[in-house]
There are 2 protein chains.
Amino acid sequence: MTPARTATGNATGRGRRAARSVGDERELAILATAERLLRQRAFADISIDELARGAGISRPTFYFYFPSKDAVLLTLLDRVIEEADAAAGDVLDRLAEDPRARWRELIGRFHETFGAHRAVVLACAQVRGTNAEVRHLWAAVLERWVQAVETAIEAERRRGAAPDGVPARDLAIALNSMNERVWYATFAGDGPAVAERDAVDVLRDVWLSAIYRDTDPPPA
Amino acid sequence: MTPARTATGNATGRGRRAARSVGDERELAILATAERLLRQRAFADISIDELARGAGISRPTFYFYFPSKDAVLLTLLDRVIEEADAAAGDVLDRLAEDPRARWRELIGRFHETFGAHRAVVLACAQVRGTNAEVRHLWAAVLERWVQAVETAIEAERRRGAAPDGVPARDLAIALNSMNERVWYATFAGDGPAVAERDAVDVLRDVWLSAIYRDTDPPPA
DNA sequence: GAGGCACGTCAACACCATGTCGAGTTCCGT
DNA sequence: ACGGAACTCGACATGGTGTTGACGTGCCTC
C-alpha cells in the first residue's frame, strides 16, 4: 500500500493528502511546474521526473502527492472548468434582453478563460484520447453546458424569437462541439484556424444563424 | 542504418519497402492486423509486438516494414482520406442545382466514409495530440477541404443565394471543425453526441443556416 | 551453376519511463 | 521524550521501444 490517502481539506480531492502542512506547498509546486512546462512542450513529452525535480522533490516522492502524471492534469483541468463556469455566470438567463450581445458575451467569456489557460486546455484535448478520466470529466462538463444551451434555445423558441428546427439538444451539441474544435485549432496554431481575435465573432455568427436564422434577432 | 528503404511501387510510400515480393503480403497483414485490433481497443493500448505477432512476424521484423507504430496508422489514414476524397467527388461544383440536397450529399458522403472506418478515424484523433506527422497530414487535408468549401461559399454569395457575413474562409473552418468534432463524439459514443442517424441532418441544417441564413436556399 | 546482392528474419541487447517497496527522517501533539 | 503521522528517497521490478549484427534464402547474372 502507499502512504497517506485521506484527502480531507483538499479543495479538489484529486491529490492524495490531508489538509495543512509542508506538503501543501509541494503539491502546489508540482501543479505550478506542470503548468509552466506545459507552456513549453506537449504533455506527453514531460516526464514525472521533471515534474518532481521542478517541485524540488524526487520522483518517488511525486507519487506521494499524485497517483500519476494524468492526475496532475486532471487537477489543473478542474480549476479551469471552475473558472469557466464562474466566468459564464448567469448570462444565459438574460438572453432575451439582447440575444446578439448576450450570446457574444457567453462565447467571449469562454474564449477568454480557455485562452488564458490554453496550455492546460490543449494538453487535456491531447490526453483525452488516452486517458479515460480526462475524457469522462470533460464529457460531464460538456453535458452540463450542452444542457444549459439546450434550455436557452428552447426558451428562445418558446418566446417566438427562434424558429423551430432540429432538436434543441442536437443543435446545442453541434454548436458546443464547433466551439471546442475551433478554439483548439486557434490556440494550437497548427492547421487551418480562425485568427484568435476573430474567433468569437465568427462563432457568434454561426450560433445566431443556427439558432435564429438571423444574425440580429429581436430582444424581448 | 536500417535495411531496405527504396519504397518504389509502394502506393503510399509510407512503408519502407520496394515493390513486389513476399514482404508485400506481410505489410498488408500488418495493416489488416492494425485495423482489426483498432476495432477492439485504443491505439495506445496496442503494442508493436501484437502488430507483429498478428502479421506472423517478430517484433524486430516489424521495423523492416514500418519505422514505427504511428507510421502504420498514417498509412491507414492515407487510405481513408483517399476514399473520402473520392466519395466527395465533384458535388461542390453542382451546388447551385439544389443547394439543400447537394450540401446534404456532401456531408452524408463524408459521414459514411468516416463511419465505415471509424476505428481509424478515432485512433487518428487520439494520436494527433502526440504525433506531429498525423497532425500535419490531417492539417493539410483539412486545409484542402476548407478551401473547397470556402470557394463554394464565395460562389454562392456571388450568385446572390448566400448573404455576406463573416469571411468565407472563417465560416468554412468553423463548419468543417464542427463536423469533425461532432463525428468524433458520435463515433466514439462517449460524452454528449448526436445520434448517428441524425448527425447528417443536424449538421446540414447548421451549414445551411450559417451559409444562407435559410434552411432551404433557392437553386440557380 | 556459382557467386553476389537485395530481401527478409530474428535473438539479444541497450535504453528509458513508469510504478512500487521498504527503510528511513522530520515534525507535531501529548 | 516519545509515538505516530507526514513526508522522503534509493533501489528495484517491469514493460515497451528501437537497434545491432548475424544469419537464411531466393533470384538474377555472367
Side-chain angles (χ1 to χ4, degrees), chain A residues 1-10 15-31 33-34 37 41-74 123 126-127 130-133, chain B residues 1-10 15-31 33-34 37 41-74 127 130-133:
Chain A
M1 290 295 104
T2 23
R5 78 237 65 190
T6 32
T8 332
N10 213 327
R16 33 168 72 164
R17 298 171 336 82
R20 66 180 167 350
S21 219
V22 209
D24 259 5
E25 60 196 62
R26 289 276 133 96
E27 184 165 335
L28 263 350
I30 292 175
L31 259 2
T33 303
L37 254 26
R41 58 199 127 115
F43 186 69
D45 296 334
I46 297 173
S47 73
I48 289 181
D49 197 55
E50 290 174 290
L51 253 24
R53 299 287 166 197
I57 55 178
S58 73
R59 201 170 58 78
T61 300
F62 167 92
Y63 289 98
F64 180 81
Y65 293 98
F66 292 95
S68 71
K69 201 171 64 161
D70 291 1
V72 176
L73 189 56
L74 225 30
Q126 288 167 3
V127 163
T130 53
N131 181 291
E133 280 189 282
Chain B
M1 290 296 103
T2 23
R5 74 239 68 192
T6 30
T8 331
N10 213 327
R16 31 170 72 164
R17 296 171 339 78
R20 64 173 171 344
S21 216
V22 207
D24 259 5
E25 60 196 60
R26 289 276 134 96
E27 183 165 337
L28 263 351
I30 293 175
L31 258 4
T33 304
L37 254 25
R41 57 199 126 112
F43 185 69
D45 296 335
I46 297 172
S47 72
I48 289 181
D49 197 55
E50 289 175 289
L51 254 23
R53 298 287 165 197
I57 55 177
S58 73
R59 201 171 59 79
T61 300
F62 167 92
Y63 289 99
F64 180 79
Y65 294 99
F66 292 95
S68 70
K69 199 171 64 161
D70 291 1
V72 176
L73 189 55
L74 226 29
V127 164
T130 52
N131 182 291
E133 280 190 283

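Quick note on labels: first sequence line is chain A, next is B, and so on, each numbered from 1.
- Contacts of A:Ala42 classified as side chain to side chain contact (heavy atoms under 4.5 Å, CB included), with partners at least two apart in sequence or in another chain: A:Asp45, A:Gln126.
- Closest heavy-atom contact between A:Ala123 and A:Phe43: CB-CB, 4.0 Å.
- Atom CZ in B:Phe64 sits roughly 13 Å away from atom C1' in C:dC10 (whole-Å rounding).
- Summarising the geometry, the separation between CG on B:Leu51 and C1' on C:dC10 is reported as 17 Å, rounded to the nearest angstrom.
- Atom CZ in B:Phe66 sits about 15 Å away from atom C1' in C:dG8, given to the nearest Å.
- Dashed line: the shortest gap from a side-chain N or O of A:Thr61 to OP1 or OP2 of D:dC9 is under 4.0 Å.
- Annotation: side chain of B:Leu31 is in contact with side chain of B:Leu28 (closest heavy-atom distance under 4.5 Å).
- Residue A:Tyr65 places at least one side-chain N or O under 4.0 Å from the OP1 or OP2 atom of D:dT8.
- In the helix from C:dG1-D:dC30 to C:dT30-D:dA1, the rotation axis of the first five pairs and that of the last five pairs differ in direction by 10°, rounded to 10 degrees.
- Separating the CD1 atom of A:Ile46 from the P atom of C:dT18 is a distance of 11 Å, rounded to the nearest angstrom.
- When heavy atoms are screened at a 4.0 angstrom cut-off, A:Ser47 is found touching the sugar-phosphate backbone but no base atom.
- The interatomic distance linking A:Arg59 (CZ) with D:dC12 (P) rounds to 14 Å, in whole Å.
- With rounding to whole Å, A:Arg53 atom CZ is found 14 Å from C:dA17 atom C1'.
- When distances run from any side-chain atom of B:Lys69 to the nucleotides D:dT17, C:dA11, C:dC21, the shortest one goes to D:dT17.
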Quiz: residues 52-59 of chain A side-chain donor-acceptor pairs under 3.5 angstrom, not counting sequence neighbours:
from, atom 1, to, atom 2, distance (Å)
A:Ser58, OG, A:Thr61, OG1, 3.1

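- The interatomic distance linking A:Ile57 (CD1) with D:dC9 (P) rounds to 7 Å, in whole Å.
- To the nearest angstrom, P of D:dG10 lies 11 Å from CG of A:Asp49.
- Contact annotation: A:Tyr63 side-chain N/O to D:dC9 OP1/OP2 distance is not under 4.0 Å.
- Scanning all heavy atoms of the two residues, the minimum distance from A:Glu27 to A:Phe66 falls at CG-CZ, 3.7 Å.
- Below the 3.5 angstrom threshold, one finds no donor paired with an acceptor across the side chain of B:Arg26 and the base of C:dG8.
- Shown here for A:Leu51 and A:Lys69, the closest heavy-atom pair between the two residues is CD2-CG, 3.9 Å.
- Residues forming a side chain to side chain contact (heavy atoms under 4.5 Å, CB included) with A:Ala132 (at least two apart in sequence, or on another chain): A:Arg135, A:His136.
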